[in-house]
2 protein chains.
Amino acid sequence: MSGRQRKVVCITELRQACRTCSLQELCLPMGLAAEDIQRLESIVGHKGPLERGRHLFREGDPFQSIYAVRDGALKTYSIDADGREHVLGFHLPGELLGLDAIYPRVNRCSAVALSNASVCVLPYDRLSDLAHEVSGLQSQIFRLLSKDLSISANLATDHTAEERLAGFLISIAARSGAGTELKLVMPRRDIASYLRLATETVSRLLARFQQEGYVEVHRKNLQLLNVEGLRRLGGSFELTGLASAIRRPLRG
Amino acid sequence: MSGRQRKVVCITELRQACRTCSLQELCLPMGLAAEDIQRLESIVGHKGPLERGRHLFREGDPFQSIYAVRDGALKTYSIDADGREHVLGFHLPGELLGLDAIYPRVNRCSAVALSNASVCVLPYDRLSDLAHEVSGLQSQIFRLLSKDLSISANLATDHTAEERLAGFLISIAARSGAGTELKLVMPRRDIASYLRLATETVSRLLARFQQEGYVEVHRKNLQLLNVEGLRRLGGSFELTGLASAIRRPLRG
DNA sequence: AATCAGTATTGACCTGGATCAACAAAACAG
DNA sequence: CTGTTTTGTTGATCCAGGTCAATACTGATT
């Protein structure tokens, strides 16, 4: 385990760090009492930088903390009995990881950095205790779990390759919040695994989307030229519907 | 809305009703204080009987309660933009519904009875308040949400039709807890939708499983003849892995 | 600047499971 | 009982997307 764990000491620094955090509704706009911010702060650790390719946790590790991405990106995945890797999700700044391990108290998947990343560490027992006392925190955790549940349920439904990829692009764009210019940090293979497609299919579809004027692709750099059209292609395959309610909606 | 809502008044009656409930770890084996049982009881309503085909809630309804199945079975589903129905889950006695609506505060799916059913009604606001005070209840809700998340994430992964159906049969058997003799309350069409297959594929696979001696099928009645074999066919497609940790494991 | 390894694209072909179509067996209504 | 509807099975065909194979591109290394 590289990257030591240390306390975040300065509230203003935390505020900055949490600007895009999934707990932001609690921390900032909802005007939590300074006292409560301090209490949350007191249990939040910080880990990083975590180099690209380094694991944050591995399948089978005993569950102790959940994590919030501060910077960079991670993916979660599991390896099945036949050795096939299944990408379960991508985690961008402000998003949480490890929620699915609460129940079994053992990590059900591994998390690895897709680029150099740093994360907030939220020790579950302490977070759970604190949620008991700070009313808004409990509800916020309920809501975050519920949201992930919806996203995951939607991902499980039946859609064509075209719908999946279009929906995915919209989702990444909305979540990375950088407008229509975005960087695909993850390799094609991971996108394909996440969407249950072959890498060749992803590649071909991107080529087609480009040819039809929806996007411009240069390797990992991608420019959305017709967001509305992509949204139409995506149809009901909405990976973002919920997340975007918290975050800045994508104009276009 | 048929079926009036009334208070469950007798603790022993509740104990009975909760015998197979997903909250049982809290209510019973973990020896919650009688006082706390009473408090939980005081907020739990009861609704039913709900006739086959009747809705418990519909997509778009404002979210107020989550539900626990007492008796019978329900399915949750949503209708996409093109009018296609996607079955999101089946809910057997002891299982919860509606958790995915916590976040958006609006139901993301509809729930309909597959057979005559009755449910416990857990008004979310009151449950949430109570979870604040009763320590074990908060953790239990976190765990149930986390569990559903794992199941849903697994359902979203990439598996063959054979793996899906075998995994599904194992899951239903374990959850209905009736050993190897089980009744498929839901029509083939719903199984197919849930597993992202065509009904014809489900039908053909069941025929093949029978021919190969794994099961015996008579319409909705099904007998598992080779549970270990089915488990092997299911491979890593484990819809049950987690649920079975709470419940009686399936021998065979 | 040549080598190598990892990643992405493109083409040719194949197949699992969808779709279409016809039929059978229950469930239900009168 | 007799139609009628709903649900399930089976066969024939088709195609979206997977697989296999060859070819680029990119970046890191020396």
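Side chains are part of it too, since the values below use all heavy atoms of this structure and drop only hydrogens, waters and symmetry mates. Within every chain, numbering begins at 1; the chains are lettered A, B, ... in the order of the sequence lines, protein sequences first and strands thereafter.
- The distance from atom CG of B:Leu205 to atom P of D:dG8 is 15 Å, rounded to the nearest whole Å.
- Residue B:Asp158 contributes atom CG, which lies 12 Å from atom C1' of C:dG16 at whole-angstrom precision.
- Contacts classified as salt bridge (charged side-chain N to carboxylate O under 4.0 Å, His left out) and involving residues 176-193 of chain B (residues at least two apart or in different chains) are given here: B:Lys75-B:Asp190.
- Under 4.0 Å is where a charged nitrogen must lie from a carboxylate oxygen, and between A:Arg108 and A:Glu59 no such pair does.
- In the region residues 191-198 of chain A, proximity to DNA chain D at under 4.0 angstrom, judged on heavy atoms, holds for A:Arg196, A:Leu197, A:Ala198.
- D:dG17 atom P lies 13 Å from atom NE2 of A:His159, rounded to whole Å.
- Under the side-chain hydrogen bond (donor to acceptor under 3.5 Å, both in side chains) criterion, A:Ser193 pairs with no residue at all, not counting sequence neighbours.
- Under the side-chain hydrogen bond (donor to acceptor under 3.5 Å, both in side chains) criterion, A:Arg84 pairs with A:Asp80, A:Asp82, B:Glu163, sequence neighbours left out.
- Between A:Arg84 atom CZ and D:dT19 atom C1' there is a gap of 14 Å when expressed in whole angstrom units.
- When the C1' atoms of four end pairs are superposed on the next four at each end of the helix from C:dA1-D:dT30 to C:dG30-D:dC1, using five pairs per end, the two resulting axes differ in direction by 40°, to 10°.
- Between the C1' atom of D:dG18 and the CD atom of A:Glu162 lies a distance of 18 Å, rounded to the nearest Å.
- Applying the salt bridge (charged side-chain N to carboxylate O under 4.0 Å, His left out) test to A:Arg232 and every residue at least two apart in sequence or in another chain returns nothing.
- The CZ-P distance, from B:Arg208 to C:dG17, rounds to 9 Å in whole Å.
- Each of B:Val185, B:Thr76, B:Leu114 was evaluated against B:Phe90; a single residue qualifies, B:Leu114, per the side chain to side chain contact (heavy atoms under 4.5 Å, CB included) test.
- The distance from atom CG of B:Leu165 to atom P of D:dT9 is 11 Å, rounded to the nearest whole Å.
- Partners of B:Ser118 by side chain to side chain contact (heavy atoms under 4.5 Å, CB included), not counting sequence neighbours, listed by chain and number: B:His46, B:Arg70, B:Asp71.
- Judged as a side-chain hydrogen bond (donor to acceptor under 3.5 Å, both in side chains), and not counting sequence neighbours, B:Tyr67 has no contacts.
- The list of salt bridge (charged side-chain N to carboxylate O under 4.0 Å, His left out) pairs with a residue in residues 200-221 of chain A, not counting sequence neighbours, reads A:Glu162-A:Arg208, A:Arg208-A:Glu212.
- Partners of A:His159 by ring pair (Phe, Tyr, Trp, His ring centres under 6.0 Å), not counting sequence neighbours, listed by chain and number: A:Phe237, B:His86.
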Going 5' to 3' along nucleotides 6-13 of chain C, which nucleotides have protein heavy atoms under 4.0 Å from the base (write B), which only from the sugar-phosphate (write S), and which from neither (write -)?
-SSBBBB-
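- For the side chain to side chain contact (heavy atoms under 4.5 Å, CB included) test, residues two or more places apart in sequence or in another chain that qualify with B:Ala153 are A:Ser152.
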